[in-house]
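When a ligand or atom number is given, it counts from 1 through the structure's own listing order. Positions are given from 1 along the sequence. What you see below is based on every heavy atom in this structure, not just the backbone, and it leaves out hydrogens, waters and symmetry mates.
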Amino acid sequence: MRDPVLVPRLRPFASTVFAEMTALATRTGSVNLGQGFPDTDGPAGMLDAARQAIADGVNQYPPGPGRPELREAVAAHRQRYGTSFDPESEVLVTAGATEAITAALLGLTDADDEVILLAPYYDSYAAAVAMAGARRVVVSLAQSDGTFRLDLDAIRAAITPRTRAVVLNSPHNPTGTVFGRDELAGLAQLCVEHDLIAITDEVYEHLVFDAPSGREHIPLGTFPGMAERTVTISSAGKTFSCTGWKIGWACGTPEIVAAVRAAKQFLTFVSGGPFQVAVAHALNNELPWVERNRQALQRKRDRLSEGLADAGFGVLESSGTYFVCADVRPLGITDATELAWQLPERIGVAAVPVGSFTEGPEFDHLLRFAFCKQDDVLDEAIKRLRSL
Ligand SMILES: *Cc1c(COP(=O)(O)O)cnc(C)c1O
């Protein structure tokens with residue numbers, strides 16, 4: 001008999017540092033700045049809309065492509081970037097951005113196709129590439145003076161005749177980088193030249209800081225030649241502080257969306273009927289709440305960054321997302337992973353080592369801290385970090 005054990009293809013993904021760190025944080029009573037979810041609710045009007053939808057009986061399977069009012073709201077929302085998608089054929093509602101990314105890889109890449117991931121990368125990408133039977137090719141971001149850039153030369157060098165797709169996440173988790181127009185234009189040019197599909201993870205599209213002088217979110221799909229080769233993915237979880245609802249979407253040409261839908265319909269088929277109604281309401285009515293939340297998160301970024309600096313870390317610039325990275329070397333420590341596993345026991349704070357978002361050693365000096373927490377939670381973490 002063959003033992004019923006996990007197949008080799010998925011063995012590298014059997015457990016995640018996020019789950020293990022959260023378990024350790026719970027066991028030690030630590031302040032958990034490891035996992036990236038907010039500890040306050042999203043807009044009250046959106047929560048009411050979900051309750052109302054349940055009371056109204058929106059409790060059966062929604063249509064395969066998603067509820068029409070949500071597809072229309074997503075299409076209207078994307079017009080802020082000057083792009084128009086037909087809600088009928090060019091928008092697909094998914095079980096979060098995670099399912100959209102997985103379905104895009106399953107529907108658009110084949111066995112032995114190569115997919116370029118830019119490290120450090122969100123952990124689901126590598127697992128989804130493996131599920132698709134494709135091969136991941138990892139290219140690290142370039143680092144200088146505590147900032148990160150797309151390494152266009154290294155990406156170009158990694159492209160082979162088998163390269164089919166590249167996954168881009170901006171604003172970027174874990175580094176908090178919002179990639180700029182020139183580097184994005186360079187990546188777009190490489191995609192066009194080498195006929196690559198771009199899968200873009202834009203879940204932090206509204207969480208960009210330091211406006212108006214700071215960065216802006218520029219979707220890769222808006223660059224010349226990219227509309228016909230980009231799967232544009234986002235979701236409600238980060239924008240509206242409802243990470244447990246898992247309502248996401250993928251936009252692209254009718255051909256691209258049909259390919260993603262073909263895979264998606266056999267992953268979950270559909271999900272979250274009443275939440276789809278509520279997220280449509282939120283996209284149409286709650287962007288002022290999103291702006292206030294963005295400003296609050298920017299203040300939280302500053303609060304935690306100052307606290308980390310006071311505690312002796314080298315604090316990197318975060319221009320977006322829920323996260324700030326800290327360099328442990330000024331503390332006289334070289335291995336951030338080792339420190340991350342000690343911190344809960346030693347001082348009662350949990351963070352995630354950036355090294356766990358890739359396989360190479362380039363980011364082994366960095367810890368990722370989440371600042372999407374209430375101020376008193378951040379202050380308690382800062383107090384404990386100062387005792388380091
Ligand atoms: C949180 C997160 C996701 C997951 O989004 P869901 O809509 O919850 O599936 C995807 N990508 C990145 C970079 C994230 O941080």
Side-chain angles (χ1 to χ4, degrees), residues 13 16-19 21-22 32-39 42 46 66 70 74 77 91-106 117-129 131 141 148 166-179 198-208 217 219-220 231-251 260 263-264 267-268 270-272 275-276 278-279 282-283 290 293 297 301 318-325 351-352 354 356-358 368-373:
F13 312 107
T16 76
V17 65
F18 309 96
M21 194 59 78
T22 291
N32 188 357
L33 303 186
Q35 253 185 349
F37 60 86
D39 57 358
M46 177 186 79
L70 178 53
V74 168
H77 175 258
V91 179
L92 173 69
V93 177
T94 58
T98 308
E99 188 194 38
I101 294 159
T102 301
L105 287 161
L106 287 169
L117 303 183
L118 306 172
Y121 55 80
Y122 189 65
D123 59 343
S124 84
Y125 303 167
V129 169
M131 286 190 238
L141 300 179
F148 301 85
V166 57
V167 182
L168 174 75
N169 170 218
S170 185
H172 183 256
N173 172 9
T175 65
T177 305
V178 180
F179 295 109
I199 298 170
T200 67
D201 176 345
E202 306 182 20
V203 299
Y204 297 102
E205 61 184 310
H206 284 283
L207 302 184
V208 178
H217 172 61
L220 192 63
V231 194
T232 298
I233 292 169
S234 191
S235 85
K238 309 294 161 57
T239 295
F240 299 112
S241 298
C242 57
T243 59
W245 287 13
K246 298 296 286 187
I247 301 296
W249 46 88
C251 303
V260 180
K264 182 261 182 314
L267 292 172
T268 56
V270 291
S271 61
F275 301 120
Q276 292 191 21
V279 170
L283 283 170
V290 172
N293 188 49
L297 279 166
R301 174 203 61 178
S318 163
S319 307
T321 76
Y322 284 164
F323 307 109
V324 60
C325 286
V352 170
V354 176
S356 61
F357 293 81
T358 185
R368 186 196 78 173
F369 290 87
F371 51 74
C372 50
K373 307 291 176 186

Nearest neighbour in protein (non-hydrogen) for atom 8 (O) of ligand 1: Lys246 NZ, 3.2 Å

Minimum-distance protein heavy atom relative to atom 5 (O) of ligand 1: Ala97 CB, 3.7 Å

Counting only heavy atoms closer than 4.0 Å, does ligand 1 sit against the backbone of [X], its side chain, both, or neither?
X      : value
Ser235 : side chain
Glu99  : neither
Asp201 : side chain

Quiz item: cation-pi between Lys373 and Phe37, 6.0 Å / 45°: yes

Less than 4.5 Å apart, any side-chain heavy atom of [X] and any of [Y]?
X      : Y      : answer
Leu70  : Leu283 : yes
Asn173 : Val203 : no
Phe275 : Cys242 : no

Steps toward side chain to side chain contact (heavy atoms under 4.5 Å, CB included) verdict (Thr200, Ser170): CA-CA 8 Å; Thr200 67; Ser170 185; over 6 Å; no

N/O separation below 3.5 Å, Thr243 to ligand 1: no

Lys238-ligand 1 polar pair, N/O distance under 3.5 Å: yes

Asn169 neighbourhood, listing ligand 1 atoms whose heavy-atom distance to it stays under 4.0 Å: 13 (C)

Atoms in ligand 1 flagged as close to Val203, the criterion being non-hydrogen separation under 4.0 Å: 2 (C), 11 (N), 12 (C), 14 (C)

Ligand 1 contacted by Tyr204 (non-hydrogen, < 4.0 Å): yes

Trace of the ring pair (Phe, Tyr, Trp, His ring centres under 6.0 Å) decision for Phe357 with Phe18: CA-CA 10 Å; Phe357 293 81; Phe18 309 96; 5.3 Å; yes

Considering all heavy atoms, the nearest Phe371-Val324 contact: CE2-N, 3.7 Å

